[in-house]
Chemist: 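Before I ask anything, let me first share the structure, which is written out below as structure tokens.
Just so it is clear: chains get the letters A, B, ... in the order the sequence lines come, proteins before strands, and each one is counted from 1. Keep in mind that the numbers below use all heavy atoms, side chains included, and drop hydrogens, waters and symmetry copies.
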Protein chains: 2
Amino acid sequence: MPKSAGRTLPDVDKQLSFALYGAANRLVRMHKPFLDALGLTFPQYLVMLELLGSGPRSVGELGTKLGMDTGTITPLVKRLEQGGFVSRRRDAKDERRVLVDLTSSGEAMRERIRVVPDRIKTACQIPDDRADELRDVLNGIGRSDDD
Amino acid sequence: MPKSAGRTLPDVDKQLSFALYGAANRLVRMHKPFLDALGLTFPQYLVMLELLGSGPRSVGELGTKLGMDTGTITPLVKRLEQGGFVSRRRDAKDERRVLVDLTSSGEAMRERIRVVPDRIKTACQIPDDRADELRDVLNGIGRSDDD
DNA sequence: CGCTTATATCTAGTACACTAGATATATTTC
DNA sequence: GAAATATATCTAGTGTACTAGATATAAGCG
């Protein structure tokens, strides 16, 4: 067996980075049946949550909030637009910006979207206080002490 | 209790799923400078860790271990092969299987790969015991009580 | 032996997520 | 007010990650 001279490599599934990467993938998979029923992908669902919670947002603001590049957000939002869930228009105040807003069809999803987090929480079987604690730890990972 | 007027959508960044998704993305970004120097992407790095730690593996075994589909693993491994890090050959014992093994060039990366987890741990600033605890919680997420 | 079923891998098509570079509008400076 | 700079978005290209369907080998059965 290639156990190499003295130093062994830490087993891949002993590593936090692997655990985190896998958990995120599994979490997206868990969402899929619920989101398929709504015609949304996971990142699209995050954008919808933000719009439902905070109102119209520019492409750049969505990227900042969700920690994604505009090169990711633009095609994602275009698919939401094609699905009829959001509208895109130039900001009259600053024509460089594109404002993304819910259509009536998107707004109408509010109640159906709202139940998704609860279903996931149930499936995860993690108590609320434990989940909050975990969330805070995760939110601290990989941030360069600003934002 | 007012029926729906009072119920607001939970803020997107109060949610575990969002925190987990974002943390995984940030973690991959943290790895990038180290892995770029080795000519690896993050999932390719996970495959290399597994091969360095456990020896030759079939495509299917890699997929099971890493929680990924063969439709993901196959092109990924082909890129590793193109990079000269691994070889692929049919298993003589069962010609349905494709065995992935390290080349000498791949084996030679052992020491350079081994230091990556430490650098990340330092950058994350999470104490070891805390990281182990977090890892165990993450490993429990989204598994259907088998595997 | 030929037929069926199971297993393992591969191919094709959609959707992220990133980087780098192009385009378009705003703002500043002279 | 025209040129230079800054900001916001978009486009193109690479690499995951998924699903569904195709191919190829293996194993079981009449």
Side-chain angles (χ1 to χ4, degrees), chain A residues 17-18 21-33 35-36 38-48 57-83 85 88-100 142, chain B residues 18 21-33 35-36 38-48 56-83 85 88-100 142:
Chain A
S17 60
F18 173 57
Y21 189 71
N25 282 339
R26 291 194 300 278
L27 187 78
V28 171
R29 276 188 288 242
M30 287 176 63
H31 278 79
K32 194 162 193 315
L35 297 184
D36 277 353
L38 298 174
L40 297 175
T41 64
F42 185 81
Q44 286 170 8
Y45 158 72
L46 295 182
V47 168
M48 290 297 287
R57 284 275 172 269
S58 75
V59 171
E61 284 170 336
L62 287 173
T64 301
K65 182 82 169 196
L66 303 180
M68 291 187 272
D69 198 86
T70 62
T72 302
I73 299 287
T74 293
L76 191 162
V77 167
K78 282 189 175 176
R79 284 177 209 111
L80 281 175
E81 186 183 33
Q82 277 192 292
F85 305 125
R88 301 187 321 136
R89 66 172 193 283
R90 288 278 162 186
D91 185 345
K93 304 263 172 47
D94 182 346
E95 296 260 341
R96 291 171 305 180
R97 294 154 55 90
V98 170
L99 284 179
V100 183
Chain B
F18 172 56
Y21 188 71
N25 282 339
R26 291 194 299 276
L27 187 79
V28 171
R29 264 175 252 161
M30 287 175 62
H31 278 79
K32 194 160 194 314
L35 298 183
D36 277 352
L38 297 174
L40 297 174
T41 64
F42 185 79
Q44 287 170 6
Y45 158 72
L46 295 181
V47 169
M48 291 297 287
R57 284 276 171 269
S58 74
V59 171
E61 285 169 336
L62 287 172
T64 302
K65 183 82 168 195
L66 303 180
M68 290 189 270
D69 197 87
T70 62
T72 302
I73 298 287
T74 292
L76 192 160
V77 168
K78 282 191 176 175
R79 284 179 208 112
L80 281 175
E81 187 184 33
Q82 277 191 291
F85 305 124
R88 301 186 323 135
R89 67 173 192 282
R90 288 276 161 188
D91 186 345
K93 304 262 172 47
D94 182 346
E95 296 259 344
R96 290 171 304 180
R97 293 155 53 91
V98 170
L99 284 180
V100 183

Chemist: Kindly compute the distance separating OG1 (A:T70) from CG (A:L76), expressed to the nearest 0.5 Å.
Modeler: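 Between A:T70 OG1 and A:L76 CG, I get 12.0 Å after rounding to 0.5 Å.
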Chemist: Any heavy-atom pair between the side chains of B:V77 and B:R88 that's under 4.5 Å?
Modeler: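 In contact.
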Chemist: Starting at atom CD of B:Q82, determine the distance to atom C1' of D:dG15, rounded to an integer number of angstrom.
Modeler: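 My rounded result for the distance is 12 Å.
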Chemist: Which atom pair, heavy atoms only, marks the closest approach of B:L38 to B:F85?
Modeler: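 Minimum heavy-atom contact is O-CZ, 3.8 Å.
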Chemist: How does protein contact run along nucleotides 18-25 of chain C, one letter per nucleotide 5' to 3', with B for base contact, S for sugar-phosphate only, - for none, heavy atoms under 4.0 Å?
Modeler: BB-----B
Chemist: Rounded to the nearest angstrom, tell me the gap between atom CG in A:L62 and atom C1' in D:dC10.
Modeler: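 Interatomic distance, CG of A:L62 to C1' of D:dC10: 15 Å.
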Chemist: Give the residues of residues 73-81 of chain B touching DNA chain D, defined as any heavy atom closer than 4.0 Å, sorted by residue number.
Modeler: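 Under 4.0 Å from DNA chain D: B:L76, B:R79.
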Chemist: Atom CD1 in A:I73, atom CZ in A:R57: separation rounded to 0.5 Å?
Modeler: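 Interatomic distance, A:I73 CD1 to A:R57 CZ, rounded to 0.5 Å: 13.0 Å.
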Chemist: Would you say B:S58 reaches C:dT9's phosphate, i.e. side-chain N/O to OP1/OP2 under 4.0 Å?
Modeler: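 For C:dT9, OP1 or OP2 has a side-chain N or O of B:S58 closer than 4.0 Å.
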Chemist: Which of these passes side-chain contact (heavy atoms from CB on, under 4.5 Å) with A:L62: A:V98, A:T74, A:V47?
Modeler: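 For A:L62, the side-chain contact (heavy atoms from CB on, under 4.5 Å) test succeeds with only one of A:V98, A:T74, A:V47, which is A:V47.
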Chemist: Report yes if a side-chain nitrogen or oxygen of B:R88 is closer than 4.0 Å to either non-bridging phosphate oxygen (OP1 or OP2) of C:dC10; otherwise report no.
Modeler: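 Indeed, a polar side-chain atom of B:R88 lies that close.
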Chemist: Out of D:dT9, D:dT16, C:dA15, which has the shortest distance to the side chain of A:V98?
Modeler: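 Within the option list, the nearest is D:dT9.
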Chemist: Parallel, tilted or perpendicular for A:H31 and A:F42, by the 30°/60° rule?
Modeler: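 Because their plane-to-plane angle is over 60°, the rings of A:H31 and A:F42 count as perpendicular.
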Chemist: Do you know which two heavy atoms are closest between B:P33 and B:R29, and how far apart they sit?
Modeler: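 The answer is CD-O, 3.4 Å.
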Chemist: What's the CG-C1' distance between A:L40 and C:dC16, to the nearest Å?
Modeler: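 To the nearest whole Å, that distance equals 14 Å.
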Chemist: Heavy-atom nearest nucleotide on DNA chain C for A:Q44 versus A:K93: which residue maps closer to 5'?
Modeler: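 Counting from the 5' end, the first nearest nucleotide belongs to A:Q44.
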Chemist: Return the value, rounded to whole Å, for the distance between atom CG of A:L35 and atom C1' of D:dC18.
Modeler: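 Distance, rounded to whole Å: 14 Å.
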Chemist: With sugar-phosphate meaning primed atoms plus P, OP1 and OP2, does A:R26 contact a base, only sugar-phosphate, or nothing at under 4.0 Å between heavy atoms?
Modeler: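 Result for A:R26 = nothing.
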Chemist: How close or far is atom C1' of D:dT9 from atom CZ of A:R57, stated in whole angstroms?
Modeler: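 In whole Å, D:dT9 C1' lies 18 Å from A:R57 CZ.
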Chemist: If you take all heavy atoms of B:M68 and B:P43, which pair is closest and at what distance?
Modeler: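 Nearest pair, atom of B:M68 first, then B:P43: CE-CB, 4.4 Å.
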Chemist: Please report the distance, rounded to the nearest Å, between CZ in A:R89 and P in D:dA8.
Modeler: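 It is 18 Å, rounded to the nearest whole Å.
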Chemist: Find the distance A:E61:CD to D:dT9:P and express it as a whole number of Å.
Modeler: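 Rounded to the whole Å, the gap is 8 Å.
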Chemist: Do the side chain of A:Q44 and the main chain of A:T41 share a donor and acceptor less than 3.5 angstrom apart?
Modeler: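 Yes.
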Chemist: Write down the distance between CG (A:D36) and P (C:dT14), rounded to a whole number of angstrom.
Modeler: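 Computing the A:D36:CG to C:dT14:P distance gives 16 Å.
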Chemist: What pairs with B:R96 under salt bridge (charged side-chain N to carboxylate O under 4.0 Å, His left out), at least two apart in sequence or on another chain?
Modeler: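 B:D94.
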Chemist: Should B:T41 be listed as having a side-chain N or O under 4.0 Å from OP1 or OP2 of D:dT16?
Modeler: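 It does, given that an N or O in the side chain of B:T41 lies less than 4.0 Å from OP1 or OP2 of D:dT16.
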Chemist: When you match A:D91 and A:P43 each to their closest nucleotide on DNA chain C, which lands nearer the 5' end?
Modeler: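 Comparing both residues, the 5'-ward one is A:P43.
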